[in-house]
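Okay, structure first, notes after.
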Amino acid sequence: MNEYDQLWQQILNDLAVVFSEELYIDVFEPLKKTHKYANGQIFVLVPNEFIKNRINRFYINKINELAEKHYKKVIRFKFVTEAELVPEETLISPERNLSIKYRPGNLNRTYTFDNFVVGKSNNFAFRMAMKVADQPGTVANPLYIFGDVGLGKTHLMQSIGNFILDNDIHQKIMYVKADGFIEDFANLLRRERMDDFNQKYRDIDVLLVDDIQIMGGATKTQMEFFKLFDYLYQQNKQIVITSDKPASDLKNIMSRLTSRFEVGLTVDIQVPDLEHRIEILKRKLATESSDIHDIPNEVLEFIASSFVTNIRELEGALKRVLFYCLANNLELTVESVNEALEPLLKTKRKSDSLNENNYDKIQSVVSDFYGITIDDLIGKKRHSKYILPRHISMYIIKSKYNIPYKTIGSLFGGRDHSTVLAACEKIENEIKQNLSLKIAIDTINKKIDHFTQK
Ligand SMILES: Nc1ncnc2c1ncn2[C@@H]1O[C@H](COP(=O)(O)OP(=O)(O)OP(=O)(O)O)[C@@H](O)[C@H]1O
């Protein structure tokens with residue numbers, strides 16, 4: 001018996017106690033085995049629509065609650081009839097010629113909830129994404145996911161699409177990067193093929209738009225996107241958007257759009273801590289097709305400590321280590337891994353130390369400009385003569401280097417993510433209304449450019 005059948009058996013035992021014998025025999029007894037497991041869902045085959053509807057209407061919440069109790073992880077049960085198990089391939093027209101990796105709607109099938117490693121930094125985002133996928137269009141619309149580069153926004157967004165498609169293969173999902181949308185819209189203007197455009201974007205159930213910040217400045221595209229957004233929203237079609245910043249921070253995106261983004265639910269993904277990064281490495285290692293499936297802990301720790309802020313880089317480092325050690329027949333030790341990663345680490349060290357020097361320079365230019373000491377700039381004093389320069393320095397570091405808010409916080413005496421985020425937002429908003437502040441920051445920026453280019 002596999003683990004999903006075991007879990008189902010435990011749930012059946014509980015259901016037999018919770019419900020009357022008559023009901024149990026009618027509804028649950030025929031459902032002996034699970035059919036398959038995919039992307040966080042266990043499928044159970046039911047004999048007919050009647051039983052399926054009965055379970056979905058009255059018992060599904062209890063079943064999922066028991067599943068979480070026994071399994072200790074988020075998992076869902078899905079009850080399907082034989083007729084619903086149409087193989088996906090039969091629904092794809094041959095001319096679409098989709099590769100094995102991609103599914104209808106431009107979805108990358110490798111991005112699933114299953115292989116998304118959950119930790120403190122992404123737990124809330126993950127849970128909300130699961131809820132949205134479970135009940136598209138009803139729980140949170142739009143779902144707005146933001147976070148720094150390479151932290152799993154696309155992965156989570158596409159997991160939603162894959163989950164919905166696993167549930168109902170007839171759902172029409174459309175995943176698009178914002179630049180793809182801009183291009184489609186430009187083609188539409190050139191060829192005046194509004195019907196094609198509308199069919200692609202309006203005749204859908206779920207819209208997933210990645211990296212919305214790229215739409216900044218593309219005013220006509222934004223106007224078209226605004227119309228599309230309203231059209232889908234009015235019909236309760238689920239919309240999911242990702243971005244590298246909160247909606248209120250988006251530059252050159254019209255406010256009627258950003259305010260729409262804020263109507264739903266905003267979740268963020270932070271930089272994972274060391275333990276979480278090691279867990280990600282372990283899970284990636286298990287799926288790598290290399291012969292190496294076991295790496296000493298100290299080696300994993302070494303890799304995870306060297307690549308902190310971007311999971312894409314972390315994955316790349318692991319791949320390089322595996323190839324390098326296999327090709328050179330090396331044992332996986334910290335020394336050989338260091339050797340394998342040396343070229344990557346060298347470039348990283350160079351750019352990190354350049355940037356670190358530049359953060360110092362920014363702090364020193366700002367404190368000079370306002371006639372305060374660096375200690376007061378980064379310290380805890382709450383007087384306004386220190387607070388404004390402190391906030392300005394944080395804002396300038398974020399806008400120049402786009403490093404995580406938490407990292408900026410560490411440059412200012414260990415302040416947390418939300419303090420830095422609030423400071424950056426405050427300055428960003430004030431610049432719009434306060435001309436003298438804008439002039440001051442322009443002047444500071446010129447001085448910084450002068451020093452950092454030396
Ligand atoms: N929690 C996670 N568990 C497993 N893999 C992850 C996780 N987070 C990110 N990844 C992996 O890291 C890589 C980068 O993730 P993804 O492309 O989703 O990041 P992103 O935030 O969308 O980046 P960008 O801002 O560049 O668009 C992907 O291969 C993804 O599978």
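Just so you know, ligand 1 is whichever comes first in the structure, and atom 1 is the first atom listed for that ligand. No experiment lies behind these values; they were computed from the predicted model shown.
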- For atom 17 (O) of ligand 1, the protein heavy atom that lies nearest, with its residue and separation: R312 NH2, 2.9 Å

- Matching residue for Q41 among N167, D134, D114 - test: side-chain hydrogen bond (donor to acceptor under 3.5 Å, both in side chains): N167

- Decide whether an N or O pair under 3.5 Å exists between L151 and ligand 1. yes

- Query: Under 3.5 Å, is there a donor-acceptor pair between the H170 and D205 side chains?
  - Reply: no

- Query: Does the ring center of F181 lie less than 6.0 Å from the ring center of Y201?
  - Reply: yes

- Item | G150 near ligand 1 by a heavy-atom separation under 4.0 Å | yes

- Please state which protein non-hydrogen atom is closest to atom 19 (O) of ligand 1 and give its distance, to 0.1 Å? G152 N, 3.1 Å

- Message: Less than 3.5 Å apart, any donor N or O on the side chain of Y233 or N141 sitting next to an acceptor on the other?
- Response: no

- Item | Non-hydrogen atom of D244 closer than 4.0 Å to ligand 1 | no

- Can K398 and D148 be counted as an ion pair, charged N to O under 4.0 angstrom? yes

- Is there any N or O on F116 that sits under 3.5 Å from an N or O of ligand 1? no

- Query: Just by modelled atom types, is the D211 backbone N or O under 3.5 Å from a matching donor or acceptor in the D244 side chain?
  - Reply: no

- Closest protein heavy atom (residue, atom, distance) for atom 30 (C) of ligand 1: H155 ND1, 3.4 Å

- Query: Do H276 side-chain atoms and V117 backbone N/O form a donor-acceptor pair below 3.5 Å?
  - Reply: yes

- Salt bridge flag under 4.0 Å for residues K62 and D14: no

- Message: Check for me whether R390 meets the cation-pi criterion with F412, that is, NZ or CZ under 6.0 Å from the six-membered ring centre and within 45 degrees of the ring axis.
- Response: no

- Message: Within ligand 1, which atoms have a heavy atom of N122 less than 4.0 Å away?
- Response: 1 (N)

- Give yes or no for whether the N/O distance cutoff of 3.5 Å, strictly under, is met between V149 and ligand 1. no

- Message: Among all the protein's non-hydrogen atoms, which is closest to atom 21 (O) of ligand 1, and how far away is it?
- Response: K153 NZ, 2.8 Å

- Item | Shortest protein contact, atom 4 (C) of ligand 1 (heavy atom only) | N115 O, 3.4 Å

- Thinking salt bridges, do R103 and D166 make one under a 4.0 Å N-O criterion? yes

- Query: Among protein heavy atoms, which lies nearest atom 8 (N) of ligand 1, and at what distance?
  - Reply: I311 CD1, 3.3 Å

- Message: Could you check whether any heavy atom of F126 sits closer than 4.0 Å to an atom of ligand 1, since that is the contact criterion I want to use?
- Response: no

- Message: Test your reading of the structure: does I280 have an N or O sitting under 3.5 Å from an N or O of ligand 1?
- Response: no

- Report yes or no: does D268 contribute a side-chain atom to a donor-acceptor pair with the main-chain N or O of F146 at less than 3.5 Å? no

- Test of proximity, K177 against ligand 1: N or O pairs below 3.5 Å: no

- atom 2 (C) of ligand 1 [closest protein heavy-atom partner, distance rounded to 0.1 Å]: V117 N, 3.5 Å

- Answer with side chain, backbone, both or neither: which part of D211 has a heavy atom less than 4.0 angstrom from an atom of ligand 1? side chain

- Message: If you count heavy atoms of other groups shown closer than 6.0 angstrom to CG of D294, is the number above 12?
- Response: no

- Message: Regarding ligand 1, does E315 bring an N or O atom to under 3.5 Å of one of the ligand's N or O atoms?
- Response: yes

- Hey, is K284 touching ligand 1 through its side chain, its backbone, both or neither, going by heavy atoms under 4.0 Å? side chain

- Query: Looking at atom 22 (O) of ligand 1, what's its closest protein heavy atom, distance included?
  - Reply: T154 OG1, 2.6 Å

